[in-house]
Amino acid sequence: MATAKYANKLISHSIQLLFGGSFDPVHRGHVDTARAAQALLGAETVHWLPTPGSPLKSSTGATPSQRADMLRLQLNASAEPSWYFSDDELSQAPPIYTIDTLRRWRQRIGSATPLAFLIGADSLHSLPRWRDWQNLTDLAHIVIATRPGITLDWPDTVKIWLKSHHQSDAKLLQSRPFGAVLRLDTPARDISSTELRQRIGNNLPTDDWLATPVRDYIANHGLYRATETPASS
């Protein structure tokens, strides 16, 4: 794992994958999803972008600094040389909007490099409330990760948008810089950060969900011990 540097080395015609989220905390479901998306797309790199906060979510259980620490620990434990920690959103003044993040990355890598942004399917419920959400595909491909056994009914405006940009052939995303929406069926490890925080708060086992360094960090800092209501993945 390395920290992303926004230099010429990022200018490549191989697809770049951005994985943004609260990572509150980062868990094996995130890791499985990133691996599956990278394999499906043939992505050269995966850039993990923890967000300091979302305009549409309640406060997180851990601070931005703590979530960044846990993510770094996870990436070190995963030992994937093509995975990078990025402080892109952490370094921005709030509020943080995905459309602004994609604009910055598009400017860095140029107009010809394929760029994909990975999000969870549950995010589509609030998508119409995102800033300039229908313009996301003007900057990147959108990869939607669906969790096993979860059936979602999205707003009609989202369904129309999905249909107009849907692409089932992942290989075609390599030949275009942006514009497609691709569905990713994630591995059968049904984990949500909300449930994970609840299990930690109730002193239930989490060994199969958390990397050892992340679990130790949570214990050492006494995180997620109070009852929490915000939902995040």
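In this chain, residues are counted from 1 in sequence order.
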Distance (rounded to the nearest 0.5 Å) between [X] [atom1] and [Y] [atom2]:
X: Thr113; Y: Ile15; atom1: OG1; atom2: CD1; result: 10.0 Å
X: Ile142; Y: Leu18; atom1: CD1; atom2: CG; result: 9.0 Å
X: Leu136; Y: His165; atom1: CG; atom2: NE2; result: 9.5 Å
X: Leu127; Y: Ile119; atom1: CG; atom2: CD1; result: 6.0 Å
X: Leu204; Y: Trp209; atom1: CG; atom2: CH2; result: 9.0 Å
X: Ser65; Y: Asp69; atom1: OG; atom2: CG; result: 4.5 Å

What heavy-atom pair brings [X] and [Y] nearest, and what distance separates the two atoms?
X: Ala62; Y: Tyr224; result: CB-OH, 3.5 Å
X: Ala68; Y: Leu90; result: CB-CD1, 3.9 Å
X: Leu118; Y: Ala34; result: CD2-CA, 4.5 Å
X: Ala180; Y: Leu173; result: CB-CD1, 3.9 Å
X: Gly120; Y: Ile144; result: C-CG2, 4.5 Å
X: Ser86; Y: Pro50; result: O-CD, 3.3 Å

Practice prompt. Using the side chain to side chain contact (heavy atoms under 4.5 Å, CB included) rule, take Leu223 and Gln66 through it: C-alpha gap first, then chi angles, then the decisive distance, then the call.
Written response: CA-CA 9 Å; Leu223 299 179; Gln66 289 170 333; 3.4 Å; yes
Check: [Y] and [X] side chains under 4.5 Å, non-hydrogen atoms:
X: Arg197; Y: Pro25; result: yes
X: Thr194; Y: Gln198; result: yes
X: Leu182; Y: Leu41; result: yes
X: Tyr84; Y: Val46; result: no
X: Trp105; Y: Thr101; result: yes
X: Ile200; Y: Thr206; result: yes
X: Thr51; Y: Ser22; result: yes
X: Asp153; Y: Lys159; result: yes

Has the side chain of [X] got a donor or acceptor atom that lies under 3.5 Å from a matching backbone atom of [Y]?
X: Thr33; Y: Thr186; result: no
X: Arg28; Y: Leu210; result: yes
X: Ser91; Y: Asp87; result: yes
X: His27; Y: Gly29; result: yes
X: Gln38; Y: Arg35; result: no
X: Arg72; Y: Arg67; result: no
X: His166; Y: Leu162; result: no
X: Gln167; Y: Asp169; result: yes
X: Gln16; Y: Ser14; result: yes
X: Arg199; Y: Pro205; result: yes

Practice prompt. With side chain to side chain contact (heavy atoms under 4.5 Å, CB included) as the test, would you mind laying out the steps for Trp161 and Val181 before giving the verdict?
Written response: CA-CA 9 Å; Trp161 177 77; Val181 175; 3.8 Å; yes
Fill in: Close aromatic pair by centroid cut-off 6.0 Å: Phe178 and His141
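Centroid distance Phe178-His141: not below 6.0 Å, so no.
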Worksheet entry | Within the 6.0 Å centroid threshold, strictly below: Trp83 and His47 |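 No: the rings miss the under 6.0 Å criterion.
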Practice prompt. Indicate yes or no: does Asp138 engage Arg103 in a salt bridge with an N to O separation below 4.0 Å.
Written response: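 Not counted as a salt bridge, because no side-chain N and carboxylate O are separated by less than 4.0 Å.
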Fill in: Which residues share a side-chain contact (heavy atoms from CB on, under 4.5 Å) with Ile160, sequence neighbours left out
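Here no residue qualifies.
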Classify the side-chain pair [X]/[Y] by whether it contains a donor and acceptor separated by less than 3.5 Å.
X: Gln74; Y: Ser78; result: yes
X: Arg129; Y: Ser126; result: no
X: Arg225; Y: Asn203; result: yes
X: Ser193; Y: Asp24; result: no

Worksheet entry | Aromatic ring pairing Phe19/Trp48, orientation class (parallel under 30°, perpendicular over 60°, tilted between) |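 Answer is tilted, since the angle falls between 30° and 60°.
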Item to complete: Could you please spell out the steps behind the side chain to side chain contact (heavy atoms under 4.5 Å, CB included) verdict for Val143 and Phe117?
Response: CA-CA 6 Å; Val143 180; Phe117 187 75; over 6 Å; no
Item to complete: Kindly determine whether His125 and Trp154 satisfy side chain to side chain contact (heavy atoms under 4.5 Å, CB included), including the steps that lead there.
Response: CA-CA 6 Å; His125 282 296; Trp154 299 310; 4.2 Å; yes
